[in-house]
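Values below: every heavy atom of this structure, side chains too, minus hydrogens, waters and symmetry copies.
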Amino acid sequence: MIEQPAEPEFPHAPEYDSDTQESIGATFARLYADGRAYTQAEIDRQKLRAAIIGAGVRDATIFAAIAIMLAFAALIALLIGCVLALTPAWGPLGATAMVVGAALLVTVALLVMAKARISRMKKAAKP
C-alpha cells in the first residue's frame, strides 16, 4: 500500500502558522475597531431614520394646518351664505342675529359635550 497524505478536513480553510497568527491584543483591538464602526453606522442609520420621520411629521403638520384653515374658511363662507340667504326674509340685522345665535348655540353645545367628556375621563382616571 502506498501512503498518501491525508486530505485536510476543511480544504478552503487558511492554514495558520505561528508567524501569521494575531496576538490576542491585536484581535481585541480589531474587534474594538469593528464594534466602533458598527456602532457609528447604526447611529448614522438611526439619524437618517429620525430625519425621515421628522420630515414626514413636519409635512403632515403643514397639510393638517392648511386643511384646518380651509375648513375654517369654508365655515365662515357658510355663515356668510346663511346671512345672505336669510336677509330677504328677516332683513340684514335679523339674518345676522339668527346666524350668530345659531352659531353660538352650536358652540355652547360643543363645549358642554367637551366638558362632559373631560368629567367622564377624570372619573375613570381616579384611583
Side-chain angles (χ1 to χ4, degrees):
M1 215 184 223
I2 303 175
E3 292 199 22
Q4 296 180 358
E7 294 278 326
E9 284 185 42
F10 303 104
H12 301 294
E15 294 183 21
Y16 292 107
D17 57 0
S18 61
D19 293 338
T20 60
Q21 286 185 344
E22 288 183 287
S23 68
I24 292 177
T27 303
F28 278 117
R30 190 168 44 87
L31 178 66
Y32 176 75
D34 290 348
R36 282 187 62 90
Y38 175 77
T39 303
Q40 188 60 46
E42 188 65 25
I43 289 170
D44 292 342
R45 179 179 168 266
Q46 294 301 330
K47 283 181 183 179
L48 178 62
R49 251 182 99 217
I52 291 169
I53 290 170
V57 168
R58 181 198 65 216
D59 293 345
T61 303
I62 290 170
F63 294 147
I66 292 170
I68 289 170
M69 286 188 281
L70 285 175
F72 186 66
L75 182 63
I76 291 171
L78 175 69
L79 294 175
I80 291 171
C82 288
V83 169
L84 292 175
L86 292 174
T87 296
W90 292 89
L93 194 56
T96 302
M98 293 277 281
V99 170
V100 169
L104 288 176
L105 281 175
V106 170
T107 302
V108 168
L110 290 172
L111 288 173
V112 168
M113 289 176 10
K115 184 180 180 222
R117 294 285 175 139
I118 291 172
S119 297
R120 190 168 74 189
M121 180 191 62
K122 284 182 180 179
K123 284 181 185 177
K126 279 188 179 177

Hey, could you give me the [atom1]/[atom2] distance between [X] and [Y], rounded to the nearest 0.5 Å?
| X | Y | atom1 | atom2 | result |
| --- | --- | --- | --- | --- |
| Ile43 | Leu48 | CD1 | CG | 14.0 Å |
| Asp34 | Arg30 | CG | CZ | 6.5 Å |
| Ile66 | Thr61 | CD1 | OG1 | 11.0 Å |
| Ile24 | Leu31 | CD1 | CG | 12.5 Å |
| Ile80 | Leu75 | CD1 | CG | 10.0 Å |
| Leu111 | Met113 | CG | CE | 10.0 Å |

Is there a chain of hydrophobic side chains (I, L, V, M, F, W, Y, each step under 4.5 Å between heavy atoms) that links Phe63 to Leu70?
->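 As far as the 4.5 Å side-chain criterion goes, Leu70 and Phe63 are not connected within one cluster.
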Would you say Leu104 has more than 12 foreign heavy atoms packed within less than 6.0 Å of its CG?
->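 Atom CG in Leu104 is packed in, count exceeds 12.
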How far apart are the closest heavy atoms of Cys82 and Val99, and which atoms are they?
->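 Of all heavy-atom pairs spanning Cys82 and Val99, the closest is CB-CG2, 3.6 Å.
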What are the two closest non-hydrogen atoms of Leu79 and Ala103, and how far apart are they?
->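 Leu79 and Ala103 have their closest heavy atoms at CD2-CB, 4.5 Å.
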Just wondering, do Gln46 and Glu42 contact through their side chains at under 4.5 Å, heavy atoms?
->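 Side-chain contact under 4.5 Å: yes.
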